[in-house]
Structure formats: C-alpha cells, structure tokens
A.B. asks: 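The structure under discussion is supplied below as structure tokens; questions concerning it will follow.
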Amino acid sequence: MKELPKAYEPRKYEDKIYERWEKSGLFNPDVCVEKGVADKKAKPFSIVLPPPNVTGTLHLGQALMLSVQDLLVRYHRMKSDKTLWVPGTDHAAIATQTKVEKLLIQQGVKDPRAELGREKFLKEVNKFAQESHDIIVNQCRKMGASLDWTREAFTLDEQRNLAVRTMFKMMYDDGLIYRGHRIVNWCPRCHSTLADDEVEYKAQAGKLYTFRYADDFPFAISTTRPETKLGDTAVAVNPNDERYKKYIGKVFEVKKFAGGPDLKIKVIASEDVDTDFGTGALGVTPAHSFADYEMAQKNKLLVIKVIDEDGKITKEAGKHYKGFTVLEARARVLENLRELNLLEKEEDVSNNLSVCYRCESPVEPIPSKQWFIDVNKKFRIKNEELRIKGLKVNSEVTLKQLMSVAVKNGQIEIIPDRFNKTYFHWIDNLRDWCISRQIWYGHQIPVWYKGEEIFVDVEAPKGDGWAQDPDTLDTWFSSGLWTFSTLGWPDKTDDLKNFHPTSVMETGYDILFFWVARMILMTTYALGDIPFEKVYLHGLVRDEQGRKMSKSLGNAIDPLDMIREYGADAVRLSLLIGTSPGNDMKLSVEKIAGFRNFTNKLWNICRFMLMNIGKDVILTPTQSGEESLSKTLADKWILNRLRAVINIVTENIEKFNFSYAGERLRDFTWGDLADWYLEVAKIEGDKSEILNYILSVILRLWHPFMPFVTEQIWQDIYGKEKMLMVEKWPEKIKSLVDSSLIGMTDFDYARNIIFQLRSLRAEYKIEPTKKINVAISAGAKEQILKDNKEMIVKMAKIDNLIIGKEVKKPINAVTFFEPPCVTVFMDLAGSVDLVKEKERLKKEIEQTEKYVEIQKKKLANKEFVANAPAEIVEKEQQKLSECEAKLGKLKNQLKSLK
RNA sequence: GGGCAAUUAGCUCAGUUGGUUAGAGCGCGGCAUUGACAUUGCCGAGGUCAGAGGUUCAACUCCUCUAUUGCCCACCA
C-alpha cells in the first residue's frame, strides 16, 4: 500500500493532473460516450462559457465563473450525463481596439489608425488578441476548468462570422434591421457610437445657468450646457403654465446669439416640461438631446448639428465658435452672455455626466446615420420548430415581446429570481438598438453600396464597384448568438440538436442586460427557442473593504498568484463557499489561505485513513453494501452522517446552493469524520472496509469543488487507470434513517459524556500524574455506556469507568480523592440540565397541542374545506399530520427523561 | 424620482418554504501535543438577529413603517 507525502503541495501535481485529464479526451462528451462513461441516450447537460475578453489576463470574476461552472459540469459528468462545456473567447471590439491603440501610442505611434491604415492596424490588433487569447486560455486550465477544447470558439472567427452575417441578413429581410438618421450616443474619443447601456453616468457638481437668448426675448431659460444652445430651434413650455401660454406658437428671431449664429426660436408646448424647474422654460436642442429630438420630431423643428464627431463645434454655430471644443465653447458662450448682460443666474447643481463605459470620456448625443435593430416592429414568426410556449407560428410579434415571453412563461428561470423584475423593467424601457460601430476591429457589416444601390446578403455581391460598409457591428451582436453559434449554427449540426438549448448560463449580474438579454433576443428570434433553461447570476468579487478590485487601487488579487501560492483548489473553495447567488462577495488572501489549510486537511485525512486501512488490502472504490460495514456504534453513526451528507450535497448542488453544499461537506469531513470518527477508529481498529468506503465517497463528493487534490489522492490510492473525474457520483439514499433513531443519538450521547469526562482534570484541578477513575450512574442510558466502555475510556483519556450498579456510593457529582488515584462520581441521570430540558419539552408540547387543536378545528370546518383551493386544504392537512407526529415524538422524549 | 438588496458574534457571512437551546470560518483568551495533520486538537468568551409596530399557539424567518448602507434604472433642460 502506498503512502502519501506529509503535506499536499499543489504546485507539484496540478499541471500534471490537468494534462492527464485533457489527454484522456474525457472533457469531450463524444469521447465519454465512446468510452462508456456516459450512455449515448443519456440526458445532455451543456454550458457555454461566457467568453473572456482577449484584452488581458484572468481576473477573480472569471475565476469565480470558472469555479461555479466547472463544479456544475463535473457534477453532471459524474452523474453520467452527456456533459459539454464549450470554451471560447470574445474579441470585445471597442475594448480590444482601445487597448491596442494605447499600446501603440506608448510605443510612439501618435495616431495609430491614421498612420497604419485599416489593414495594418487590424494586423496589430489580431496579433495582440492572439497573444492575449493564449494567455487566458492557459489560465483557464490552471483553474482546472474541464472545458472541451476541441470545440473552442472565438467570437470573431470564420464560423461565428458566418453566423453573424446570416443573422444580419435574416433580420434585415424581416425589416428588423434598418438604417436611420437618429440621435446616437457618440464617444468622441473612441470615435464611435455606443449602445444606450454602454453609457454610464457619473454624478458631478455642475452649474445651472439662467439666461435670455437676447434682450428682446420675452423670458429666460435654464441650462447646464450653454454651448448646445447654439443649436436651439425652440423653447418648450408647459401648456398649462400661465406665464408662457400666450407665447406658444410664436417664433422669435435671435440675431447673433452669444456672438454666434442667428437663431429662430419657436415656442412649443410640452406636457413633460416641469414648471418648477428653472424658469419653467426649456431650450430645445434637437441635435444634441434625445428628449429634445423627440420634441423636434413632433413639432417638425429644424435639427441643427452644432457638435461634430470630434466633440468640436461645427460651422453651423458660426465662425465665432467653429472648431472649439465643447468646454471651450461653453466658457465662450458664458463670457458673451455676461458681456451682453443676458446671464441672470448661476446655481450650483449636481448633475449626471454621461461617459463612455470603456474610456470614461464624456459622451455626446449627436445625429448620425447608423444601423439599428427595431425592437418594436411587428414581424411574423417563421420558425417551423417553435418551442416558445405561448407563441404560434405565423403570428405577429415584436422582438420585445419575444424577449419578454420566454422569461414570463417560465421557460427561462433566472436565479436569483429578483432579477426577473429588473429584466422586465429593462425591456419596458428598451429603445432601438444601435448596432453599427465606427471602429475597425469586429464583424464588418454585410452591406455593400454602389451609388444609391444597397446590397445586403451573407456573401459579397458579384460585379465591380461595390464597396462594403466600413462600420463593424456592436460586439454584443455577435455575443448574442453565442449559445448557438458555438454549436455550429447556421449549419444544422448534431451539436445543435444535442446540446441546445443549453442547460445553464452562468454569468455576472452586471451583464444581464448587455448580454443575457441579447442572447434571449437573438435566440428566440433565430431559432424560435430559448438559449438556456436557467440563468445563474453570480455577484462581483470585491476586496476586504467591499471596494471593486482594480489595478489603479492596487487592491486586486491576482488569481494566478493565489493558485501558485495556495493551489487552484483553495482558490475555488474560497470563491464557492461563503457566497450566495446575485450577491457581491468579499475576498481576502486570508480566506484563500484558510481553504488551503482545508485542502491539506483533506489530504491528511486521506493519508491517515490509508495508513489505517491496512497495507495488504488492495483498494477498490465501493459504493454499496455499507449496511454490512457497520459494526460498532461509531460506525453506525458515521455512516448515517455520511448518508445525510450525500443527500444534502446532491440536493443543494441541484438547487444551486453551492455554498451550503460545500459548507456541510466540510463540516462533515472536518468535524464528524476527522475529529471524531477517526479518533474512535484509532481505538477500535480494524476498519479497512468502512474507511475505504467512506474515503471513496467523500473524494467523489469533493471532486467538483476541488478537483485537483481529490484526483491526486484518488489516483494514488486506486491507481492511475481509474480517473475520479469520471467516477459515478454517490447515489442519493432515499431511505435515510431518521436522525432520531438510536444509531445517531446514542453515539451523540456517548460523545457528550466523553466531552464531560475530558474536562474533569481541569475542572477539579487533578494533577497530570494522578489516575482518574470515574463512577457514573446514568439511568436509562447506562447500557450504552456499558457497551462502549472501552471506547469511552480511551477517548476521554481516563483510566477506568465504573457504571451504574457498580457505583457503590450514590453521590451527586462530587469528587472523592484517594491518592494516587482520584475517583470522580457523576450522576448524569439527575443533572440540572435534565430539569431544564423537561420544562422546555413541556412548553413545546403545550404549544404544539394548541396548534393541533386549531388545525383540527380548521379542517372540521366544512365551509373552509369546501371553498378553499384543494392545494391549501391539502397543505393544512399535511401540517396537521406533521405536528401530530411531532407531538408524539416530543411526548416520547419527555417519557424517556422520567 | 422609481426599483432592488443588505442590516445576525470584533471581522466575513450561513441560517432551505415560520417549529427544539440562532450557527460556521477568521480573530481573541486558555489548555494540550513526541506517528495523519502546528497548514493540528480541545475548551471558552462574545449576539435584546438595525429599530418600532403587527399577524401567529410559535417570528431571525411573514406584513407595515423608520433608520443606515450598497447597487440598478430613469433623468430636469
């Protein structure tokens, strides 16, 4: 029999183990079927990995996501499901391009895009992306992620590009994608549009200025952005506002506003105008505000663009302003207004500045011609195999409705469910999605122009003179296809048939809208099916003080450093235990170190068990027949505990309560098994079979949580032919013995006595040299003590135990000193605690009796039974029988105490 | 402005559909130790479960209000 080294050193084993796993091919479900690990007809279980961006290295958020998903995947693989976990990476358009631009600028290229041109620039980006990809993929391996690398995908590879083009064409033909001149969010630094949810808001101290357009303008307006007023074409007032009613419909001409352009200001009415804000009159700038644009549409106002794509003032604002930046222009407008004595008031206000979520530069709403997805347009459902409940083929729906139905009808379950509300709220407020981006890195829009002609198709048009739209698609457009594009769509592949819809989508709640919602949109539209059955949202990983981890704060924990120092298993446990879905978690190095201690503990538990199993026994993992293994009270006890823990762990993994499952398993392993059972085993001896059984069960239970150390132990014990990764998950045992049955409570009773005996020396200040005899009278429980006398004596570290009738002097818990021995007399049958216990039981019985009475009356009430829904009556009935059973149990307990 | 969540031991958090005496890890104090493990074991201190009301035989758990903190959405120019 082999022996394990004294301490577990993750670094020595992890890479080798991963290599063996990968080489075995068993990450691939097809190989599992081939090798008989999973049945061909087995239930499929599939997850598609949320693709990490190719912009950097693995961070803790991704470590968390890999831990959770690998836990699920390993669990299902061990349950013999046909289990697939598809890896991939995301090209992350703007993010990657921005990063490469920064790097090039650092290298001395002043304006990378202008200097290199599209082709050369993209070459640089691709080079960077490839390097970054290699790093991150390798880091996923370090975490132990059992991803099927043979199916790896990239959001920007050939297959995915085909999917994107196909999708674009489909939506275009359905009239869902259109090109329009609209107000869009524009980032002057990225030089691109942004989707609504790519805009973030930062609270800022600002100023609210109140001024008149001109001396002869009848009233003043208020604004925080005076520079945009160069493009005003109207003033909106509330139609009920007595002050301004008379002006509605009138047009005022303003000559050289603030030394700049001539304006024609029409006074219009709008219910949305708050009469109490500022002067109650709102300057309307149709070109640079979403709300104003809408008003302009309604009132047929001119749209004058005064800010351009560089964030500079256009010539429309006149020579006096042309070419200035927004901030410069603001100062200039104010200066002019002051000179003209038009500025009436300046107030400090806090307002929200819109910034780009990637580069944090201020975002400008500007009018621009872009591609949009229309979320409100009705179209006919054409999918032949429509699998969304509540919809019919050929009926008319909007994309919004599709997204909403799939969740509302319960086909997609979001965990935790409170995010349902957020999801629906988001859909309600959703506007058309601007999908074109003026960046180079991404899927180029499959649209070609020749003069006035437009051509939209999957492939480029034949013939000369066609030029493809230079813009690329929003990165979320391609990510939205991820669950099915990775499985081969638009081809009708076996993978698609077998593994779609996927079982679980596991990701952070921060991209519920960005990504999860878009996947639902794209999938329901393209396939007429849901993308996944369950959405499990994890929280953000924060530092000890609850701050976001970031490089600039210097509080970021690098998962790879942690893996090197404490092992991947410790990192995984620290991310899985003590966390709950949808809630942020705080992580510290100490916590990871704590779990490193546990991996080592498990190692040593196994090491010890191995030493006690006996050197000549050839071990094979066992799964059944444990009944015959229990010989002593302690055996019975530990097997009962083990059964309970198998059930708890299994049930809670199924319910996505990974933290609880792990905690209970740890409590069992450390508390029950190591601290108690193994100590007893030292005394009782001859435990080969039962230890072998327990060992093979706990290793399997732990494997999804900490795959490396468990696999290493497994192979050391059972040989390299056997791979724990594909061993069968322990069966749930349905007929679990009730915890109140003798096997459990009796050992707990004995354990209790041992606790008391152990503290005798301290309590009575007995010198270490003296021997202790204990005389116990314990009433009804005396038989237990007699049966387990030897074990108790040894565990309690006393010298002799005299039980029951053997006690000559009936004395209540006093000591009798008799050098060189000490005899302690204990009367446990009449201890104070028992009196308290009786009182407690009586009270409880009283309460329960009352309840039973009430319940009985309720159920005797014919009116209630006849009118209430059957479910409720049944539930009440159940409650009653439960309580009656409990009452019986309590009475028995009370009896046994007397 | 609208919404969501959190508030339990010094710290980080569990507490599974209301039901025995509210738990764990870390930290703290004490004791132990030569062969599984100092990356250890045992014992202990420490909680009016944020506050107030309500429902109930029974509330950390359900309801209402209040306070504090965090997040999301919208946005008033």
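Order of the sequence lines fixes the chain letters, A, B, ..., with proteins taken first and strands second; residue numbering starts at 1 for each chain.
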A.B. asks: Could you provide the dot-bracket string of RNA chain B, using ( ) for intrastrand pairs, [ ] for crossing pairs and | for bases paired to another strand, with Watson-Crick or G-U pairs below 3.5 Å?
C.D. replies: (((((((..((((.....[...)))).((((((....).))))).....(((((..]....))))))))))))....
A.B. asks: A14(B) phosphate, OP1 or OP2: any side-chain N/O from S580(A) under 4.0 angstrom?
C.D. replies: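 S580(A) to A14(B) OP1/OP2: side-chain N or O found under 4.0 Å.
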A.B. asks: To the closest 0.5 Å, what do you measure between CG (L512(A)) and OH (Y423(A))?
C.D. replies: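 Going from the CG atom of L512(A) to the OH atom of Y423(A) covers 8.0 Å.
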A.B. asks: Taking NZ, NE, NH1 and NH2 as the nitrogens, is one of them in R225(A) or E227(A) under 4.0 Å from a carboxylate oxygen of the other?
C.D. replies: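 Yes, this pair counts.
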A.B. asks: For D272(A), report the nucleic acid contact type (base, sugar-phosphate, nothing); a contact means any heavy atom under 4.0 Å.
C.D. replies: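 No contact.
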A.B. asks: Round to a whole Å and report the spacing from CG of D510(A) to C1' of A5(B).
C.D. replies: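 Taking atom C1' of A5(B) as the reference, CG of D510(A) is at 16 Å.
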A.B. asks: Would you measure the distance from the P atom in C4(B) across to the matching atom in C63(B) and give it in whole Å?
C.D. replies: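 Going atom to atom, P in each nucleotide, I get 12 Å.
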A.B. asks: What is the separation between atom CD1 on I221(A) and atom C1' on A77(B), rounded to the nearest whole Å?
C.D. replies: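 From I221(A) CD1 to A77(B) C1': 8 Å.
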A.B. asks: Where is the tightest heavy-atom contact between I265(A) and A234(A), given as atom of each residue plus distance?
C.D. replies: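 Heavy atoms of I265(A) and A234(A) come nearest at CG2-C, 3.7 Å.
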A.B. asks: Using the C1' atom as the reference point in each nucleotide, state the distance between G19(B) and C28(B) in Å, no decimals.
C.D. replies: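 Nearest-Å result for G19(B) against C28(B) at atom C1': 34 Å.
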A.B. asks: Between W670(A) and G41(B), does any side-chain N or O lie under 4.0 Å from OP1 or OP2?
C.D. replies: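 Answer is yes, contact under 4.0 Å.
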A.B. asks: Name the nucleic acid region contacted by K229(A), choosing base, sugar-phosphate or nothing; use a 4.0 angstrom heavy-atom cut-off, strictly under.
C.D. replies: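 It contacts sugar-phosphate atoms only.
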A.B. asks: Check every strand shown and say whether K6(A) touches a base, only sugar-phosphate, or nothing at a heavy-atom separation below 4.0 Å.
C.D. replies: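 Sugar-phosphate, backbone atoms only, no base.
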A.B. asks: Indicate whether the side chain of T233(A) and that of K266(A) have a donor and an acceptor atom separated by less than 3.5 Å.
C.D. replies: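 Their side chains do not contain a donor-acceptor pair, so the 3.5 Å distance test is not met.
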A.B. asks: Working to the nearest 0.5 angstrom, can you tell me the gap between F219(A) CZ and E344(A) CD?
C.D. replies: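 So the CZ of F219(A) and the CD of E344(A) are separated by 11.5 Å.
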A.B. asks: Classify G594(A) by what it touches in the nucleic acid, base, sugar-phosphate, or nothing, heavy-atom distance under 4.0 Å.
C.D. replies: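 It contacts nothing in the nucleic acid.
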A.B. asks: Would you list the pairs meeting ring pair (Phe, Tyr, Trp, His ring centres under 6.0 Å) in which at least one residue belongs to residues 271-296 of chain A, sequence neighbours left out?
C.D. replies: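 Sorted pair list comes back empty.
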A.B. asks: Describe the nucleic acid contact of K586(A) in one word from base, sugar-phosphate, nothing, applying a heavy-atom distance below 4.0 Å.
C.D. replies: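 Contact class for K586(A): sugar-phosphate only.
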A.B. asks: For every nucleotide of nucleotides 70-75 of chain B, 5' to 3': is a protein heavy atom under 4.0 Å from its base (B), only from its sugar-phosphate (S), or from neither (-)?
C.D. replies: ---SBB
A.B. asks: At 4.0 Å (heavy atoms only), tell me whether A281(A) reaches a base, stays on the sugar-phosphate, or touches nothing.
C.D. replies: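 Contact class for A281(A): none.
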A.B. asks: Start at the 5' end of RNA chain B and walk down; is the nucleotide closest to I605(A) or to N351(A) reached first?
C.D. replies: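 The 5'-side residue here is I605(A).
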A.B. asks: Sticking with atom P, work out how far U68(B) lies from G25(B), rounded to a whole angstrom.
C.D. replies: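 To the nearest whole Å, 35 Å.
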A.B. asks: Measuring to OP1 and OP2 of U39(B), would you say a side-chain N or O of N604(A) lies under 4.0 angstrom away?
C.D. replies: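 No.
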A.B. asks: Determine the Euclidean distance between corresponding C1' atoms of C49(B) and C72(B); express it in Å to zero decimal places.
C.D. replies: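 Roughly 28 Å separates the two C1' atoms.
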A.B. asks: When we call it a touch if two heavy atoms are under 4.0 Å apart, what does W676(A) touch: a base, just sugar-phosphate, or nothing?
C.D. replies: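 Contact class for W676(A): none.
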A.B. asks: Out of F656(A), F419(A), Y509(A), which residue meets the ring pair (Phe, Tyr, Trp, His ring centres under 6.0 Å) rule with Y536(A)?
C.D. replies: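 Filter result, single survivor: F656(A).
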A.B. asks: Which heavy atom of T210(A) sits nearest a heavy atom of A220(A), and at what distance?
C.D. replies: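 So the minimum-distance heavy-atom pair works out to CG2-CB, 3.9 Å.
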A.B. asks: Verify the contact: side-chain N or O of K591(A) to OP1 or OP2 of C13(B), cut-off strictly under 4.0 Å; return yes or no.
C.D. replies: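 The answer is no; no side-chain N or O of K591(A) sits under 4.0 Å from OP1 or OP2.
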A.B. asks: Describe, in one word, how the ring planes of Y8(A) and W603(A) are oriented to each other, choosing from parallel (under 30°), tilted (30 to 60°) and perpendicular (over 60°).
C.D. replies: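 The rings of Y8(A) and W603(A) sit tilted, inter-plane angle from 30° to 60°.
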A.B. asks: Could you give the distance from CZ (R572(A)) to CG (L64(A)), rounded to the nearest 0.5 Å?
C.D. replies: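 Answer rounded to 0.5 Å: 11.0 Å.
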A.B. asks: Whole Å only: how far is the CD1 atom of I592(A) from the P atom of U39(B)?
C.D. replies: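 Taking atom P of U39(B) as the reference, CD1 of I592(A) is at 18 Å.
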A.B. asks: Using whole Å, report how far CG of L282(A) lies from P of A77(B).
C.D. replies: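 For the pair L282(A) CG and A77(B) P, the rounded distance is 10 Å.
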A.B. asks: What does R418(A) touch in the nucleic acid at a heavy-atom separation under 4.0 angstrom: a base, only the sugar-phosphate, or nothing?
C.D. replies: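 Sugar-phosphate only.
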A.B. asks: Counting only heavy atoms not in E654(A), do more than 12 sit closer than 6.0 Å to its CD atom?
C.D. replies: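 Enclosed.
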A.B. asks: Of the candidate nucleotides U40(B), A24(B), A77(B), which contains the atom at the shortest distance from the side chain of D667(A)?
C.D. replies: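 The listed nucleotide nearest to D667(A)'s side chain is A24(B).
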A.B. asks: For nucleotides C37(B) and C42(B), find the distance between their C1' atoms and express it as a whole number of Å.
C.D. replies: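 Per the computed distance, 15 Å lies between those C1' atoms.
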A.B. asks: When we call it a touch if two heavy atoms are under 4.0 Å apart, what does E679(A) touch: a base, just sugar-phosphate, or nothing?
C.D. replies: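 Base, at least one base atom sits under 4.0 Å.
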A.B. asks: Specify the separation, in whole Å, of atom CG of L208(A) and atom C1' of C76(B).
C.D. replies: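 So the CG-C1' distance, L208(A) to C76(B), works out to 9 Å.
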A.B. asks: Within the modelled atom types, does a donor on one side and an acceptor on the other bring the side chain of K421(A) and the base of C4(B) under 3.5 Å apart?
C.D. replies: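 Side chain to base: no pair present.
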A.B. asks: Work out how far the C1' atom of A14(B) is from that of A6(B), and round it to whole angstrom.
C.D. replies: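 My reading of the C1' atoms in A14(B) and A6(B) gives 14 Å.
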A.B. asks: Just how far, in rounded Å, is P of U12(B) from CD1 of I577(A)?
C.D. replies: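 After rounding, the reported distance stands at 19 Å.
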A.B. asks: When the C1' atoms of U39(B) and G3(B) are considered, how many whole Å apart are they?
C.D. replies: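 That atom pair is separated by 46 Å.
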A.B. asks: To the nearest angstrom, how far is Y423(A) atom OH from G3(B) atom C1'?
C.D. replies: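 From Y423(A) OH to G3(B) C1': 18 Å.
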A.B. asks: Please tell me which of R666(A) and T224(A) maps to the more 5' nucleotide of RNA chain B, matching each residue to the nucleotide holding its nearest heavy atom.
C.D. replies: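 The residue mapped nearer the 5' terminus is R666(A).
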A.B. asks: Please report the distance, rounded to the nearest Å, between CZ in R596(A) and P in U39(B).
C.D. replies: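 Answer to the nearest Å: 8 Å.
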A.B. asks: Decide side-chain hydrogen bond (donor to acceptor under 3.5 Å, both in side chains) for Y357(A) and E200(A); before the verdict, give the C-alpha distance in whole Å, the side-chain angles of both, and the deciding distance to 0.1 Å.
C.D. replies: CA-CA 6 Å; Y357(A) 83 128; E200(A) 281 179 358; over 6 Å; no
